[in-house]
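A quick write-up on the structure given underneath.
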Amino acid sequence: MTTKISIQDVTKTFPGKKGKSATIKQFTAVDNINLDIKAGEFFVIVGPSGCGKSTLLDLLAGLTTANSGVIKLDGNPLSGPELDRGIVFQQYALFPWLTALGNVTFGLELKGYSKKERIQIAREYISLVGLDGFEDRFPHELSGGMKQRIAIARSLAYNPEVLMMDEPFAALDAQTRETLQSELLGIWKKTGKTIVFITHGIDEAVYLGQRVAVMTSSPGRIKEVIEIPLNALDYKQDIRSLPEFGVYRHKIWSLLREEVDKAQNNEKQII
Ligand SMILES: Nc1ncnc2c1ncn2[C@@H]1O[C@H](COP(=O)(O)OP(=O)(O)OP(=O)(O)O)[C@@H](O)[C@H]1O
């Protein structure tokens, strides 16, 4: 498989703040990250709260720039946000005044499609996320899971090279989350997109990822990348009940546990 995204020696710092009693020094959010994500791969990033997962995704999206290092997409250094990278956030970020169809067609204009083409593409992706017949509903008429499906359809409609997802199912109830996880695997298999998915959920990481990168507590570094062969199985199967699922789950849990403990100890020292 060819490399789709190459992250080389990437560090991101934020400027210090002046507090009441002291000046807080420059803060390193992610530190010397090196990762190669393959074309068509489902790549998951997990890490303790505040370790820099979203910062890393913002860097990939071009929403912020690294202080050092380089990120390449198909061999070309990133220069900012572009339609070659779609992003889905935890909050649905749909326009409340537009219908589901309007939300998905919005922006396709930038790609130079005619109105007829925009509607045709939007219908295709609304169907892909299983919402045929809901095209004319407004966001307030859709459930949380449906809104997130529309957000996924909107990102995919641009036909991005990479779909980036920042805890997209975190706000959903457990049942809807599991349904959407399995549907996302189906969509990934159908479209062959490269997906970079951020989560706090260990089960979600094991279920979805072909590889799972575990980050250290702040400053975020890549602690280990684990290959998970489970998502090659039929996604309609009950993968979570397989003994191997428990083995990978435990491995990631153990790696994360150490980092959460470290983060809590650091917090105690600051207090
Ligand atoms: N714009 C910013 N200015 C200053 N510090 C920031 C900024 N953005 C993020 N940070 C800090 O960088 C660190 C990493 O934040 P980030 O949101 O990337 O972590 P995270 O792993 O996604 O956290 P969570 O899992 O809680 O969402 C945090 O300590 C955060 O406070």
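Since the model is a prediction, treat every value here as computed from it, not as a measurement. Just so it is clear, the values below take in all heavy atoms, side chains as well, and ignore hydrogens, waters and symmetry mates. Counting starts at 1 for both ligands and their atoms, in listed order.
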Open item on the list: Less than 3.5 Å apart, any donor N or O on the side chain of Glu117 or Ser114 sitting next to an acceptor on the other?
Closed with: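 The criterion, which ignores hydrogens and geometry beyond distance, is satisfied for Ser114 and Glu117.
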
- [ ] Answer yes if the side chains of Asn32 and Thr11 hold a donor-acceptor pair under 3.5 Å, and no otherwise.
- [x]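 Judged by distance alone, the side chains do not pair up.
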
Task: From CA spacing to verdict: side-chain hydrogen bond (donor to acceptor under 3.5 Å, both in side chains), Lys12, Thr28 - done: CA-CA 6 Å; Lys12 173 72 188 175; Thr28 303; over 6 Å; no

Task: contact_flag Gly52 ligand 1 heavy-atom lt 4.0 Å - done: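 Yes.
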
Task: Option with minimal heavy-atom separation from atom 25 (O) of ligand 1, where the choices are Lys12, Gln26, Lys53 - done: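 Looking at heavy atoms only, the winner is Lys53.
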
- [ ] Begin with the C-alpha distance, continue with both residues' side-chain angles, and end with the deciding distance and a verdict on side-chain hydrogen bond (donor to acceptor under 3.5 Å, both in side chains) for Thr99 and Asp136.
- [x] CA-CA 5 Å; Thr99 60; Asp136 297 332; 5.1 Å; no

Open item on the list: Counting only heavy atoms closer than 4.0 Å, does ligand 1 sit against the backbone of His200, its side chain, both, or neither?
Closed with: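 The answer is the side chain.
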
When you compare ligand 1 with [X], is there at least one nitrogen or oxygen pair between them that comes in under 3.5 angstrom?
| X | answer |
| --- | --- |
| Phe27 | no |
| Cys51 | yes |
| Gly50 | yes |

Task: Atom NE2 of His200: over 12 foreign heavy atoms under 6.0 Å - done: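 Yes - once you tally the heavy atoms of other residues, nucleotides and ligands closer than 6.0 Å, there are more than 12.
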
Task: Pair Asn159-Lys193, side-chain hydrogen bond (donor to acceptor under 3.5 Å, both in side chains): steps then yes or no - done: CA-CA 9 Å; Asn159 196 20; Lys193 291 280 167 216; 2.6 Å; yes

- [ ] Using a strict 4.0 Å cut-off to heavy atoms of Thr55, name the atoms of ligand 1 that fall inside it.
- [x]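 What qualifies from ligand 1 is 14 (C), 15 (O), 16 (P), 18 (O).
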
TODO: Report, in ascending order of atom number, the atoms of ligand 1 lying under 4.0 Å from any heavy atom of Ala29.
DONE: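 It comes down to these atoms of ligand 1: 12 (O).
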
